[in-house]
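In each ligand, atom 1 is the first atom listed, and ligand 1 is the first ligand listed. FYI, side chains are in, hydrogens and waters are out, and symmetry mates aren't considered; it's all heavy atoms of this structure.
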Amino acid sequence: MSDPKKPTPNHRNRLGTDTYLAHGGYDPQDHYGFVNPPITRGSTVLFPDTETMRNRSQPYSYGTRGTPLNTVLENIVNELEGSEGTILVPSGMAAVTIPLFAYLSAGDHALFVDTIYNPTRNFADTMLKKLGVEVDYFAPDIGVDIEALIKPNTKVIFLESPASNTFEMQDVPAITTIARARNIVTMLDNTYATPLYYRPLEHGVDVSIHAATKYPSGHADVLYGMVSANKEHWPTLYEAHNTIGACANPEDTYLIIRGMRTMGVRLRHHEKSALDIARWLEGQKGVGQVMHPALESHPGHDIWKRDFSGSSGIFSFVLKDAGPEHAAAFLDSLTLFGLGYSWAGYESLAVHVNLSDRTVAAKDYGGQVIRLQIGLEDAEDLKAEIAAGLHAAAAV
Ligand SMILES: *Cc1c(COP(=O)(O)O)cnc(C)c1O
């Protein structure tokens, strides 16, 4: 058997991404030709003798420190992200919190984009502050002006581009150039794009974060997180993960590997339908701004076009001049769209977005903001249902 920790050959530079997703990370001949890797369960790993045990001179030493199955997924993600190493954790939130624990200490200062995923903000405002970390927020369009917010103790800048719920783009290279000059670690929650549509490490980001609960799972049946770091920042992340001990479950790891095999195909369907519906919505009565970065009308469209190779299946729109009762009428009329949190599954979802947590990026959108996750259904069926929902809202 080949060394399981040896990275698989770089297929991606020779072949297309879908080909890499179909074959990357694992050689079936390592396990008797079975197409998929076996699920490795285990705490104890036996050593052949005391010398090997003393030196830990074998690829695996204990279940929390990695398994052959983990290595398959780590290889795939490192290849896609261009990262030195990846940790696998039990949820997207763990993928947010573990790197913050890794790179921050009492007395440090951290900057977060104001349009951040709300539970990330909650972690910053409660746990980080409790541990003595100063936290400030900046507007998503800050660009090079971020320099003015940096203090001598600033250690981390946390980005999420496009933003949660309202999809503002951030000028990532402008921010990371300034951060690098000051030795500040930059992290980016890359859940929206997946590494197929955005590779943050190529834009100067040090740590890329994923709620793999979303597209890598794709079926609303797994909670999972992954964090990838560049060469300079990998040792700190790796040690923090081992210290905290939040390792992912093997069955879930297996399902995420399975999800990765079809992610390219699924993502393209989500992308096509979402963009089609977003363009159509722009012309509908009662609809204000449609917040989708691949639309020419989006204020961050130029940045999206410069840095991203695709868009995914989630966007928001404004129910113009509407109150909460109109939003409720729209949402309650839907049947194919479920009312529920999370996204990136095969099924469509809709939520009334709450933006009351925002400070420097707070603004009036001129109505109620509704977020749509476009699933794998036929786009025409979804459009018909949205059209009926707009009528229901107008009838209130
Ligand atoms: C869903 C999500 C998370 C958290 O993922 P969970 O697995 O639900 O904890 C983190 N960041 C973003 C941007 C998300 O959409």
For ligand 1, list all ligand N or O to protein N or O distances below 3.5 Å, rounded to 0.1 Å.
from, atom 1, to, atom 2, distance (Å)
ligand 1, 7 (O), G92, N, 2.7
ligand 1, 7 (O), T213, OG1, 2.5
ligand 1, 9 (O), G92, N, 3.3
ligand 1, 9 (O), M93, N, 2.9
ligand 1, 11 (N), D189, OD2, 2.7
ligand 1, 15 (O), K214, NZ, 2.6
ligand 1, 15 (O), W343, NE1, 3.3

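- E160 places a side-chain N or O within 3.5 Å of a backbone atom of Y117 that can act as its donor or acceptor partner.
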* Quick one: do K214 and Y192 satisfy side chain to side chain contact (heavy atoms under 4.5 Å, CB included)? Show the steps, please. => CA-CA 8 Å; K214 308 293 168 40; Y192 168 92; over 6 Å; no
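- K155 pairs by the side chain to side chain contact (heavy atoms under 4.5 Å, CB included) definition with L104, D108, not counting sequence neighbours.
- Clustering of Ile, Leu, Val, Met, Phe, Trp and Tyr by side-chain heavy atoms under 4.5 Å joins W280 with L275, I277, L281, V287, V290, L295, F315, F317, L319, F330, L331, L334, L336, F337, L339, I370, L372, I374, L382, I386, L390.
- Figure legend: cation-pi geometry between R65 and Y60 absent, as NZ or CZ is not positioned both under 6.0 Å from the six-membered ring centre and within 45° of its axis.
- For the ring pair (Phe, Tyr, Trp, His ring centres under 6.0 Å) condition, the pairs that include at least one residue of residues 85-107, sequence neighbours left out, are F101-F123, Y103-H233.
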